[in-house]
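Step one of this worksheet: look at the structure below.
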Amino acid sequence: MSGSDFWSRRRKAVAAETRAETERAFEASQAERSDDDILAELDLPDPETVDDPELMRGFLTDAVPQRIKTRALRRLWRLDPVFANLDGLVDYGEDFTDAATVVENLQTAYQVGRGMLSHLDHLAAEAEAIADPEPATDHDTDMAPDPDKRIAPSAETEAVATADTQPDLPEPDDAVQVSPSRRRMAFTFDTAPV
């Protein structure tokens, strides 16, 4: 990269900054003035009264503030059939609302939030049931198991239960000791000659 490229880009950037600052100062000075005063000074007609699209060129110069240019362009869009009439190739150019298909006095059973309301009622009923449990009746206390009358498991049942919960461990040999709480891989090496 040569030094001249840098300086040429820098000169262009400074020129662009100067132009932007000048435009901001111009718009600020024109903001205080009315549109009629500016149009009279520039010898331009009111944009809303123009009927010829060719006369709109005078509004697109740098001497015209942006707000008047915008008014002129709005008028141009309504005057020129190229801009005013949309063809079929324009995406999103049609009215996609359902206002044209809605029947007059249409009635529906739909209620906004109806499903959510039933869900909230269900949650409120659950919260109320948790907060205020029903008192136990005599019938419920008769059916409750008595902790003193529990049946003790037989020795055979305990043996089956412990056999199901403990893993099958290999019988320990003399060389390898396997602890029942922790499983480890055991490696054995054959000493047979190759």
Side-chain angles (χ1 to χ4, degrees), residues 1-132 181-187 189:
M1 178 191 286
S2 66
S4 63
D5 290 340
F6 171 77
W7 290 112
S8 63
R9 285 196 311 268
R10 180 65 186 139
R11 277 191 292 273
K12 288 178 184 176
V14 169
E17 289 173 7
T18 306
R19 272 196 312 272
E21 186 176 320
T22 307
E23 288 175 9
R24 281 195 298 270
F26 174 72
E27 289 292 332
S29 68
Q30 297 296 329
E32 299 167 357
R33 301 176 60 193
S34 69
D35 290 351
D36 295 332
D37 292 341
I38 296 170
L39 291 172
E41 181 184 318
L42 297 174
D43 195 28
L44 291 172
D46 187 18
E48 279 80 21
T49 61
V50 176
D51 291 330
D52 186 14
E54 290 298 320
L55 295 177
M56 292 295 176
R57 290 182 188 264
F59 291 99
L60 302 178
T61 62
D62 290 337
V64 179
Q66 185 60 43
R67 66 179 190 269
I68 297 177
K69 286 180 188 177
T70 304
R71 286 176 53 197
L73 288 174
R74 285 183 185 150
R75 179 66 179 162
L76 177 64
W77 279 90
R78 286 178 286 183
L79 285 177
D80 196 344
V82 172
F83 298 130
N85 299 324
L86 300 176
D87 61 356
L89 300 176
V90 177
D91 290 341
Y92 310 111
E94 298 179 17
D95 183 15
F96 289 99
T97 62
D98 62 350
T101 59
V102 172
V103 181
E104 289 184 30
N105 299 326
L106 178 69
Q107 295 180 356
T108 178
Y110 175 74
Q111 293 178 356
V112 177
R114 182 176 180 183
M116 189 62 175
L117 184 62
S118 64
H119 178 68
L120 292 175
D121 289 342
H122 177 69
L123 290 176
E126 284 181 358
E128 186 177 307
I130 292 171
D132 186 28
S181 62
R182 237 176 134 172
R183 287 187 176 185
R184 295 195 179 229
M185 295 180 89
F187 296 98
F189 298 98

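Any value given below was found using the heavy atoms of this structure, including those in side chains, with hydrogens, waters and symmetry copies removed. We number each residue from 1, following the sequence as shown. Note that this is a predicted model, so its numbers are computed, not measured.
- The number of heavy-atom neighbours closer than 6.0 Å to CD of E126, taken from other residues, nucleotides and ligands shown, is above 12.
- The neighbour count for D62 CG, taken as heavy atoms of other residues, nucleotides or ligands under 6.0 Å away, does not exceed 12.
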Let me see the working for R74 and L79 under side chain to side chain contact (heavy atoms under 4.5 Å, CB included), right down to the final yes or no. CA-CA 9 Å; R74 285 183 185 150; L79 285 177; over 6 Å; no
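- Residue Q66 holds its CD atom at 8.0 Å from CG of L73, rounded to the nearest 0.5 Å.
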Determine whether D35 and R71 satisfy the following criterion, side chain to side chain contact (heavy atoms under 4.5 Å, CB included), listing intermediate values before the conclusion. CA-CA 10 Å; D35 290 351; R71 286 176 53 197; 2.8 Å; yes
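- Few gaps surround CG on D121; more than 12 heavy atoms of other groups in view lie less than 6.0 Å from it.
- Inter-residue side-chain proximity for P65 and I38 is flagged as met; some heavy-atom pair is nearer than 4.5 Å.
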Let's go through S34 and D37 carefully: what are the C-alpha distance in whole Å and the side-chain angles of both, what is the deciding distance for side-chain hydrogen bond (donor to acceptor under 3.5 Å, both in side chains) to 0.1 Å, and is it a yes or a no? CA-CA 5 Å; S34 69; D37 292 341; 3.1 Å; yes
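- The nearest pair of heavy atoms linking V64 to G58 is CG2-O, 3.8 Å.
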Check step by step if salt bridge (Lys or Arg N to Asp or Glu O under 4.0 Å) holds for R75 and D51. CA-CA 9 Å; R75 179 66 179 162; D51 291 330; 2.9 Å; yes
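- Look at R33 and E41 and you find a salt bridge, because one of the NZ, NE, NH1 or NH2 atoms lies within 4.0 Å of a carboxylate O, short of that distance.
- Annotation: side chain of L42 is not in contact with side chain of I68 (no heavy-atom distance under 4.5 Å).
- One finds the CD atom of E17 at 11.5 Å from the OG1 atom of T22 (value rounded to the nearest 0.5 Å).
- Note that CD of E48 and CZ of R78 are 6.5 Å apart. Values are rounded to the nearest 0.5 Å.
- Here the CG-CG distance, from L44 to L55, works out to 9.5 Å after rounding to the nearest 0.5 Å.
- Taking all atoms of both residues into account, the shortest heavy-atom contact from L60 to K69 is C-CE, 4.3 Å.
- Looking only at side-chain heavy atoms (C-beta outward), F59 and L39 come within less than 4.5 Å of each other.
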